[in-house]
Each structure stands twice: as C-alpha cells, then as structure tokens.
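Structure provided below as structure tokens; questions to follow.
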Amino acid sequence: MNSGDAYSAAEVQYIRRHHQHEPTENQCTSALVKHIKAPAHLVWSLVRRFDQPQRYKPFVSRCVMNGELGIGSVREVNVKSGLPATTSTERLELLDDEEHILGVKIVGGDHRLKNYSSIMTVHPEIIDGRPGTLVIESFIVDVPDGNTKDETCYFVKALIRCNLKSLADVSERMAVQDLVEPINQF
C-alpha cells in the first residue's frame, strides 16, 4: 500500500486480511477507507448491487447486465462525460454476503485502466455511539504508457474517493430516512 496512507489498527487488520494485491513492476495499488454514519447492512445493500452501481457512483450514467447477477456476471457501464472514457466492461469476481466483500475486474471498455481489479469490504463499527460502517476499497491497475505510478494512483484514488463520498452521502441520507432495502431483494 502507499506509504503516505495512515491506517488505524482495525483498518490495517482488514487490509491485511482482504486487500492484499501483488503488483508487478508496471502496476500500482492502494487502499482507501471511508467511515460512514449509517449501519453496515444499509451500506452493503448498496455496495452489493453489482447491477446498479449508478445508485451511488456519480460517474455512472447507466448499467446493463448480461445475464443473472452472480460470480462471473458481466456489466456494461456507461460513464458520464467529463472522464476520459465512455464505457467500461466489468466482471463480478467476488460477492460474499456473509463477509461483505465485493470484487470487480475491468475486462474491457474505452479507457486506460488495464488489468484493473478492486476489492471493497464493508465492516460494522460504532461512530459517535451509533451504528456506522467502515468501508475499505483497494485496487490494482497497470500504469499506462506515458504515465507514472504516482499519476496513475492519484487518478484512481480520486475516482474512488468520489465514489466513497457519494456512497456515504446516499447511505447517510437513507439511514436518516430509514429506507433500508432488504439484502435479498432483486
């Protein structure tokens, strides 16, 4: 992970357990954390919906699934203007409702994120005496020709930070409104 990131003991434990990537010389990797003032089951109800990333990812305008939702499922994502891409083809690599782990790999699209994989984990915690959630998202990606590792990591981390902030905003708004979606509803 990047040496500039400071993690708590609990965060380090979760990262070691679920977020170990083994980068080659031409790849970068990092992990980002977000504390959300909403219960973990509510946050997970959004994260686990591989078929509906637009519910909290602000750069996704549309998502079309190919087949049923399950490991190996592929989604075609349309990206909103403003990013150097218009489409992304992504495969669901891991979906663990017990441990709250989601793994996604980008397998195509018109962008420069080659060999991109991410793991997202959702962990219950207490924030200000109330049920909250620690979300960790890690990634590994090739460094494109003409870019440095630092530039690539900075770009990907900026996107993930934006997605995590939006996830927090949506989750916290739902928690206030008590709009919890049942986990098994499709």
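What's counted below: heavy atoms across the whole structure, side chains too, no hydrogens, waters or symmetry copies.
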**Q.** Test side-chain contact (heavy atoms from CB on, under 4.5 Å) applied to K149 and N26, step by step
**A.** CA-CA 8 Å; K149 284 185 182 184; N26 193 41; 5.9 Å; no

Q | SB check R75 E90 (cutoff 4.0 Å) | A |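 Looking at E90 together with R75, the answer is yes, because their closest N to O distance falls below 4.0 Å.
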
Q: Keeping the roles fixed (side chain from T121, backbone from I101), state whether a donor-acceptor pair exists under 3.5 Å.
A: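 Flag not set: sc T121 to bb I101 has no pair under 3.5 Å.
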
Q: Considering non-hydrogen atoms only, spot the tightest contact between Y116 and V156 and give its length.
A: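 Closest pair (atom of Y116, atom of V156, distance): CE1-CG1, 3.7 Å.
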
Q) In Å, rounded to the nearest 0.5 Å, how long is the span from OG of S45 to CG of L42? A)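 So the OG of S45 and the CG of L42 are separated by 4.5 Å.
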
**Q.** Co-membership, hydrophobic cluster, residues V43 and I127, 4.5 Å side-chain
**A.**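 They do not share one cluster, since no chain of ILVMFWY contacts under 4.5 Å joins V43 to I127.
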
Q. Is there a chain of hydrophobic side chains (I, L, V, M, F, W, Y, each step under 4.5 Å between heavy atoms) that links Y154 to V143?
A.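 Per the 4.5 Å side-chain linkage, Y154 and V143 are not co-clustered.
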
Q. Ignoring hydrogens and geometry, is there a side-chain-to-backbone donor-acceptor pair from N78 to S61 under 3.5 Å?
A.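 Side chain of N78 to backbone of S61, a donor-acceptor pair under 3.5 Å: no, none is there.
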
Q: Consider only side-chain heavy atoms of I, L, V, M, F, W and Y, link residues closer than 4.5 Å, and tell whether I36 and L159 are in one cluster.
A: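 I36 and L159: one cluster.
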
Q: Quick one: pull up CD1 in I140 and CG in N115 and give me the separation to the nearest 0.5 Å.
A: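 That separation rounds to 8.5 Å.
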
Q | Non-hydrogen side-chain atoms of I136 and H18 separated by less than 4.5 Å | A |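 When only atoms from C-beta onward are counted, H18 and I136 do not touch, as no gap falls below 4.5 Å.
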
Q: Test side-chain contact (heavy atoms from CB on, under 4.5 Å) on L32 and K157 and set out the steps.
A: CA-CA 7 Å; L32 292 91; K157 286 169 70 172; 3.8 Å; yes

Q. Taking all atoms of both residues into account, what is the closest heavy-atom pair of K114 and G109, and its distance?
A.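 Closest approach of K114 to G109: NZ-O, 4.1 Å.
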
Q.
So which atom in Y56 and which in N163 form the shortest heavy-atom distance, rounded to 0.1 Å?
A.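 Residues Y56 and N163, closest heavy atoms: CD1-O, 3.7 Å.
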
**Q.** Q13 side, atom CD; Y7 side, atom OH - distance, nearest 0.5 Å
**A.**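 Between Q13 CD and Y7 OH, I get 15.0 Å after rounding to 0.5 Å.
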
Q | From L95 atom CG to L102 atom CG, the distance as rounded to the nearest 0.5 Å | A |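 Here the interatomic distance stands at 6.0 Å.
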
(Q) Among N147, D145, D142, which residue satisfies the side chain to side chain donor-acceptor pair (under 3.5 Å) criterion with R112? (A)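 Testing each of N147, D145, D142 against R112, the sole residue satisfying side chain to side chain donor-acceptor pair (under 3.5 Å) is N147.
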
Q) So how far is it from F59 CZ to C162 SG, rounded to the nearest 0.5 Å? A)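 Output value for this atom pair is 4.0 Å.
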
Q. Regarding S138 and H21, is there a side-chain donor-to-acceptor distance under 3.5 Å anywhere?
A.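 There is such a pair (donor and acceptor under 3.5 Å, judged by atom type) between the side chains of S138 and H21.
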
Q. So, for S171 and L46, which heavy atoms are closest and what is the spacing to 0.1 Å?
A.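 Heavy-atom minimum between the residues: OG-CD1, 3.4 Å.
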
(Q) If hydrophobic clusters are built by linking Ile, Leu, Val, Met, Phe, Trp and Tyr wherever their side-chain heavy atoms come under 4.5 Å apart, do M65 and V47 end up in the same one? (A)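 Yes; tracing contacts between hydrophobic side chains, which count when under 4.5 Å, links both residues.
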
Q | Smallest separation among heavy atoms of C28 and T152, with atom names | A |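 Closest heavy-atom pair between C28 and T152: SG-CG2, 3.7 Å.
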
(Q) How close do E151 and G146 get, counting heavy atoms only, and between which atoms? (A)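 Looks like OE1-O, 4.1 Å.
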
Q: Taking the side chain as every heavy atom from C-beta outward, state whether I106 and H111 have any pair of such atoms under 4.5 Å apart.
A: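 Counting from C-beta outward, I106 and H111 do come under 4.5 Å.
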
Q | K105, NZ atom: more than 12 neighbouring heavy atoms under 6.0 Å | A |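 Correct, the count exceeds 12.
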
Q: Would you indicate whether the side-chain heavy atoms of N66 and E76 approach each other to under 4.5 Å?
A: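 The answer is yes, as the side chains (C-beta and beyond) meet within the 4.5 Å cut-off.
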
Q. Are any side-chain N or O atoms of S118 and backbone N or O atoms of F139, one a donor and one an acceptor, separated by less than 3.5 Å?
A.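 No; judged by distance alone, with no hydrogens or angles, the pair does not exist.
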
Q. Quick one: CG on L167 to CD1 on I160, what's the gap to the nearest 0.5 Å?
A.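 It is 12.5 Å, given to the nearest 0.5 Å.
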
Q: Flag the pair K165 and D169 as a salt bridge only when some basic side-chain nitrogen lies within less than 4.0 angstrom of an acidic carboxylate oxygen.
A: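 Answer for the salt bridge query: yes.
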
**Q.** Shared hydrophobic cluster, L134 / I119 (ILVMFWY, side-chain heavy atoms < 4.5 Å)
**A.**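 They do not share one cluster, since no chain of ILVMFWY contacts under 4.5 Å joins L134 to I119.
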
Q: Test E11 against every option in H35, H19, R16 by the side chain to side chain contact (heavy atoms under 4.5 Å, CB included) rule and name the one that passes.
A: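 Going through the options one by one, the only one that passes is H35.
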
Q | M120 side chain reached by V135 side chain, heavy atoms, under 4.5 Å | A |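 Touching, per the 4.5 Å side-chain cut-off.
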
